[in-house]
Protein chains: 2
Amino acid sequence: MSVGREQLMAAAIQHLNEDPTASMAQLAEAAGISRATLHRHFSGREELMVALGHRALERWDAVQRAAGVQSAVASAEPAELRGALGALLSGLIEVADDYGFGLTDHAMAVNPELLRHSDELEEREIALFTAAQRAGLLRADLPARWLSGTVFGLLVAVREGLRRGDIARRDVPRLLLETFLYGAAAGPRATTSPETAAPPGTSGAPPQPPATNTERQEPL
Amino acid sequence: MSVGREQLMAAAIQHLNEDPTASMAQLAEAAGISRATLHRHFSGREELMVALGHRALERWDAVQRAAGVQSAVASAEPAELRGALGALLSGLIEVADDYGFGLTDHAMAVNPELLRHSDELEEREIALFTAAQRAGLLRADLPARWLSGTVFGLLVAVREGLRRGDIARRDVPRLLLETFLYGAAAGPRATTSPETAAPPGTSGAPPQPPATNTERQEPL
DNA sequence: CTCGTCTGCGACAGAAGTGTCTCAGACGAT
DNA sequence: ATCGTCTGAGACACTTCTGTCGCAGACGAG
């Protein structure tokens, strides 16, 4: 047994991230094994895809557990919800980066098993958003389900940005969090590190209208 | 000539939105023509895909022109930039809805022609974001390129939300605009229609801390 | 009516991927 | 050394999609 099932799936995912249309032969070669051996692990392409999907969903699940989503929702404490939200988003970045192709791959959106599994995780996430809305951390005038979709879309944007080299890996958590929470509009807001609010960009100081300077609540 | 080339592509796209893996035979059937006739219009699948891609990019281009992106950037006037941003996002919703599959289809991300075309449009959009940052409409502490990616990601979220029936079509412009500009965090902000700020959801009034009530600048 | 054009239909070969099978060899355990 | 297990290589049949071709029929223009 040269390569285990785990390393096999890891190699497959890594290769699928570069070419989502890779054939079984290419995936076998990427894993350094023969096509026959690949079929000894997974009876067919379908089974491999489902296995990869579940692997990704289990990591998503692990992120939710590590973030303490369940207990935060149960407690309804703003502090706990705040922490769970931050940990969740941070953790999801890595998952989206590792399993990038799965975010938008058609095979994942068709299989009933995977759909049920991901729906379950999504509902848990929506429950967190709903609780955060009740606690006054997140806006209540946007459906929690849409907020969940927003996170998904932003993770796609993160994946693309990293793939194309548009954004630096170390900036991703800040970009994701800032964009998701406060959006792109200019205006007074309290960030986690105010000194990074104005990077030394080429643009001079924006002729910003002197809006009433106030403190904004800092949910995360 | 029963069906023109335009209607043919429209039918193809509509069908591809439901099943991105549809074969040429399925696309021909969806358009109500034979497979041979489809090949008389497009020499192969590759050519069809490129044509569909360009069609989508031309609509994107049209949205940019209708929004007056170029002149707004040239003028650097906050009022013009504000209008261009709003018109751009509103227009992109329809494009993303009609050409949904193209947002994440692999064939689109591979063809050099389409890449050059979309890069050109994207650069124009980034120029608008940059100008809006200089005018104080958008945050300057987030890269304009990331803001462009954010819009892309949110459009993917819109597509998915509509496909799954999570969100109502009439709510989409508000959801997209509000989320992109102000994010998901709770806090004092001036929306375009304050009376819609608190929908009659099941959740009671959130125990929101009485943050200092202030007016926020309203970029769009 | 007749001609030219366009269309659908069926057939064809080729390409690519998939799943299965056999066989020989490597390798470790005993 | 031998046995059992696992592996890679190759061959095979099967499916699906693709691209091309010829032919017959519909249909409008003249």
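Order of the sequence lines fixes the chain letters, A, B, ..., with proteins taken first and strands second; residue numbering starts at 1 for each chain. All values below were derived from every heavy atom in this structure, side-chain atoms included, with hydrogens, water molecules and symmetry-related copies excluded.
- Between the C1' atom of C:dC6 and the NE2 atom of B:His41 lies a distance of 9 Å, rounded to the nearest Å.
- Between B:Thr37 and C:dT7, a side-chain N or O to OP1/OP2 separation shorter than 4.0 Å is absent.
- Remark: A:Glu125 does not engage A:Arg145 in a salt bridge, criterion side-chain N to carboxylate O under 4.0 Å.
- Between the CD atom of B:Glu47 and the P atom of D:dT18 there is a distance of 14 Å, rounded to whole Å.
- Among the heavy atoms of the strands lying under 4.0 Å from B:Arg45 are primed sugar atoms or P, OP1, OP2 only; no base atom is included.
- A:Arg35 and A:Glu29 are not joined by a salt bridge, as no carboxylate oxygen comes within less than 4.0 angstrom of a charged side-chain nitrogen.
- Between the side chain of B:Asp166 and the backbone N or O of B:Glu160 there is no donor-acceptor pair closer than 3.5 Å.
- Counting to the nearest Å, the C1' atom of D:dT20 and the CG atom of B:Leu38 are 14 Å from each other.
- Taking atom NE2 of residue A:His39 and atom P of nucleotide C:dG19, one finds them 4 Å apart after rounding to whole Å.
- Between A:Ser23 and B:Ala36, the residue whose closest nucleotide on DNA chain C is further toward the 5' end is B:Ala36.
- With 3.5 Å as the limit, one finds a donor-acceptor pair spanning the side chains of B:Thr104 and B:Arg159.
- Closest to the side chain of A:Ser34, from the set C:dG19, D:dG8, C:dA11, is D:dG8.
- When rounded to the nearest whole Å, the span between CG of A:Leu48 and C1' of C:dG17 equals 14 Å.
- Separating the CE atom of B:Met49 from the P atom of D:dG19 is a distance of 11 Å, rounded to the nearest angstrom.
- Whole-Å rounding puts the B:Arg35 CZ to C:dT7 P distance at 16 Å.
- Rounded to whole angstrom, the span from the CZ atom of A:Arg40 across to the P atom of C:dG19 amounts to 15 Å.
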